[in-house]
Protein chains: 2
Amino acid sequence: MAERPKLETVASVAGVSVATASQVMRGAGRISAKTRERVLAAARQLKYLPDGRAAAMRSGVNRDIGFAIHEIANPFNAEVISGVSDLLETEGYLVAVLDSRDNPERQRKQLEAFIRSSRGGLLWVPAAHTPSETLELLKAHQMPTVTFLRHLQRAQFDHVGIEDAEATARATHYLADLGHRTIAYLGGNATFGVRLERIAGYRRALAERSDVEPLIWESPDNKRAGLDAMLALHRAHPDITAVVCNGDMVAIGASLGLQKIGLQPGRDVSLIGFDDIPDAGIAIPPLSTMAVDPYQLGRRLARTLVDRITEPDSPTATVRVTAELIIRETTAPPVQFQLN
Amino acid sequence: MAERPKLETVASVAGVSVATASQVMRGAGRISAKTRERVLAAARQLKYLPDGRAAAMRSGVNRDIGFAIHEIANPFNAEVISGVSDLLETEGYLVAVLDSRDNPERQRKQLEAFIRSSRGGLLWVPAAHTPSETLELLKAHQMPTVTFLRHLQRAQFDHVGIEDAEATARATHYLADLGHRTIAYLGGNATFGVRLERIAGYRRALAERSDVEPLIWESPDNKRAGLDAMLALHRAHPDITAVVCNGDMVAIGASLGLQKIGLQPGRDVSLIGFDDIPDAGIAIPPLSTMAVDPYQLGRRLARTLVDRITEPDSPTATVRVTAELIIRETTAPPVQFQLN
DNA sequence: TCAAATTGGTATAACGATGTATCAGATGTC
DNA sequence: GACATCTGATACATCGTTATACCAATTTGA
């Protein structure tokens, strides 16, 4: 098997110098039509593709983008990835996804390796409890970076996210307006990231109507954990009639949990999720939720990074998109109201 | 803001030559303890990380691995990615995921960009209808490659997959043994990949017992599509009492579809899935399925690639793991048997 | 018709690391 | 004390591109 073809091979096959071949390959300089054709033919024949490392090293441009995320399995994130890839790929970038699984140590190793290979830019959902050194690492290596979803106050990075607090407040008000007076908040891994903002919104909404006390219950962001957490929450506080969930995965788990103990979501207990993942609409019963279009969000995110790469000296900016309340069948007035 | 630190900077801060600094950084050569310490201190202080491009170009070793997959959103695949990353990251590699979304054109662009950036190896679930040129591209550039799940007969690549035909035959026999005589096969995108092998297993099982006719119904591999396809299938063939599904996503969709029209999965119609994704166990009712541990499968896959990279001249090999039948609540004897 | 401008191509120095050859000085051996 | 050996560091060529400076041949202009 032949060695991997290089520019030198192409040049010698075409009978020109490497310099000429290089100019033809990237459409620069002034080369006559027939030499150009000879070079292109040689390249085609050898299946030549330029070595991006060498090119990037010399020219300083790099079209390799990383998307470092905390959780690749989440279907909302999967849709975001689609949006990001679509935009960046049409702009000529290659997107590679790194899954930190929300582990800051794993994240550190991944980002170090990422920097070593000198990629062109980073989209980043920081893992829970990301230490400052990791931020400084990115800064020190001048990596064009846009954070996503989880905003790092302490760092000067561009940011794209969701109006979490405002949306959660809206969801909470909606439940209270239906007549609920014991509204719990369920889900979220840790004292980190979007959960903080969503809980702030939840608290703010409750504070605005003095007759409901906040009640917050933690749970990892997946269905299994949501199911278990709902059971535990209900055991501890059987009087709860409504639950604001940190995400749809938890909400669907909670829905399954309620059904397991003979309660009907949307009648005995109201549930509201966040994200509007594909499962939300086909769940039984269909889940009420705060919807953000993850595909468009991904495009927005990618666009922000491209702008940063194109104009490295522009001031950093923060973009926050609003969520829309989607009412399906897990939200209804509490039972005592329905009896009236 | 300072420029990105390079070896030269480290060397000058430490008061040594670049050559010395290089040797210290990679623990080669013979360097005295105190110079070593000086260099390391300088590197630490500057947050120096070597430029992997330059290193790889010169030394020829590259610890960047790509995982090109057809569908990142599928939770089975997400678990595979975890297994792959865990193994490769402890071996010092960086894993980047590329999502072709089963589009051969997108895949071609991604793999071209991947080759350009000269990564060290590729794990690959070929997109549906992958043209031969894509294979030849990888061959021409001598990319160490292991295919996953979808076996390419025509190419000499290592392969890791599942005993699809055998497992599906086992599932089909199980349903027939329960007494079912109208057993459909549901799901699969196209005339491509694992679907072919699974259907072959289904057909073989039915052929071994002459009293059941094959009935095959296509559907994309997601819940929404599975739901719709189940409705259409039932409308066309209301007498069906059992369905072998191409995957759990379709099976769960089918389950939801049946419930939507008032049928009870596991009583009126038996369903059996494939993959044992997390949702399968907590679905209502819990789904019977063919289980393969995706995490371990991912590790196996990664190990195969490492072996290929380490020993480029060893003969190519194919690994196929067997699936285990998990009986939950969507499989039971058909109703007429239950009445007896 | 001779200088000036244009065309089409090449030689060569980077980019940031690595690895080998080399070398000066310290140590050891008999 | 002469010669071999070892130690610790350095110079330099190299990896595969790109960008610039340059040059010879051709065309243009007055």
Side-chain angles (χ1 to χ4, degrees), chain A residues 2-40 42-43 46-64 112-113 115-120 141-142, chain B residues 2-40 42-43 46-64 113 115-120 140-142:
Chain A
E3 284 300 297
R4 172 170 177 183
K6 42 181 161 184
L7 197 51
E8 193 191 328
T9 332
V10 175
S12 86
V13 167
V16 298
S17 72
V18 241
T20 306
S22 171
Q23 296 193 71
V24 170
M25 289 314 291
R26 59 194 155 86
R30 292 170 311 190
I31 303 292
S32 73
K34 64 174 182 296
T35 354
R36 178 192 322 285
E37 208 30 70
R38 276 221 315 288
V39 172
L40 289 178
L46 293 166
K47 292 189 198 307
Y48 170 75
L49 285 180
D51 183 330
R53 295 178 303 201
M57 187 155 70
R58 176 65 230 253
S59 69
V61 306
N62 192 324
R63 301 186 87 74
D64 267 6
E112 275 191 8
I115 290 171
R116 292 169 105 98
S117 55
S118 305
R119 310 309 227 300
H141 292 266
Q142 304 180 102
Chain B
E3 285 300 298
R4 173 172 177 185
K6 44 180 158 181
L7 197 51
E8 193 191 329
T9 333
V10 174
S12 86
V13 167
V16 297
S17 70
V18 233
T20 305
S22 171
Q23 296 194 71
V24 170
M25 290 313 291
R26 63 199 146 88
R30 293 171 312 192
I31 304 292
S32 75
K34 65 173 182 296
T35 355
R36 177 190 325 282
E37 208 31 70
R38 277 222 312 289
V39 172
L40 289 178
L46 294 167
K47 293 188 201 303
Y48 171 75
L49 286 179
D51 183 329
R53 297 178 302 203
M57 186 155 67
R58 176 65 231 252
S59 70
V61 306
N62 192 323
R63 302 185 86 74
D64 267 5
I115 290 171
R116 293 171 107 97
S117 55
S118 306
R119 308 313 225 300
H141 291 266
Q142 304 179 101

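Order of the sequence lines fixes the chain letters, A, B, ..., with proteins taken first and strands second; residue numbering starts at 1 for each chain.
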Closest non-hydrogen contact found for B:Arg4 with B:Asp51 is NH2-CA, 4.0 Å
Is A:Ala55 touching bases, backbone alone, or none of the nucleic acid, heavy atoms closer than 4.0 Å? sugar-phosphate
Roughly how far, to the nearest 0.5 Å, is the CZ atom of B:Arg119 from the CZ atom of B:Arg63? 15.0 Å
Measure across A:Ala21 and A:Leu7 and return the closest heavy-atom pair with its distance rounded to 0.1 Å. CB-CD1, 3.8 Å
Need one value for A:Val18: base, sugar-phosphate or nothing, where a base atom within 4.0 Å counts as base even if backbone is also close, heavy atoms only. nothing
Mark yes or no for whether B:Thr35, through its side chain, and B:Ile31, through its backbone, hold a donor-acceptor pair below 3.5 Å. no
To the nearest 0.5 angstrom, please state how far the CZ atom of A:Arg58 sits from the CZ atom of B:Arg53. 12.5 Å
Please work out if A:Thr35 contacts a base, only the sugar-phosphate, or nothing of the nucleic acid, heavy-atom cut-off 4.0 Å. sugar-phosphate
Drop me the distance from A:Glu112's CD to A:Ser117's OG, to the nearest 0.5 angstrom. 11.5 Å
Chain A vs DNA chain D, heavy-atom contacts under 4.0 Å, first-to-last nucleotide span, 5' to 3', is D:dG16 to D:dA19
Who passes salt bridge (Lys or Arg N to Asp or Glu O under 4.0 Å) against A:Glu8, sequence neighbours left out? none
Which atom pair, heavy atoms only, marks the closest approach of A:Met57 to B:Met57? CE-CE, 2.6 Å
Would you classify A:Thr20 as touching base, sugar-phosphate or nothing, given that sugar-phosphate means primed atoms plus P, OP1 and OP2, and contacts are heavy atoms under 4.0 Å? base
How bent is the helix from C:dT1-D:dA30 to C:dC30-D:dG1, measuring the angle between the end axes built from five pairs each, rounded to 10°? 50°
Selection: residues 26-34 of chain A, any non-hydrogen atom under 4.0 Å of DNA chain D: A:Arg26
What distance separates B:Lys6 NZ from B:Tyr48 OH, expressed to the nearest 0.5 Å? 10.5 Å
Say you draw a straight line from OG of B:Ser32 to CZ of B:Arg38; how long is it, rounded to the nearest 0.5 Å? 7.5 Å
For DNA chain C, which nucleotides open and close the run of contacts to chain B, 5' to 3', at under 4.0 angstrom from a non-hydrogen atom? C:dG16 to C:dG19
Can you work out whether B:Gln23 or B:Met57 has the more 5'-proximal nearest nucleotide on DNA chain D? B:Gln23
Output for pair (A:Arg116 CZ, A:His141 NE2), nearest 0.5 Å, gives 9.5 Å
Which residue pairs pass the side-chain hydrogen bond (donor to acceptor under 3.5 Å, both in side chains) test with at least one member in residues 13-26 of chain A, sequence neighbours excluded? A:Ser17-A:Thr20, A:Ser22-A:Arg26
Determine the minimum heavy-atom distance between A:Val13 and A:Ala42, stating which atoms define it. CG1-CB, 3.7 Å
Mapping A:Ala54 and A:Arg36 to their closest nucleotides on DNA chain C, which lands nearer the 5' end? A:Arg36
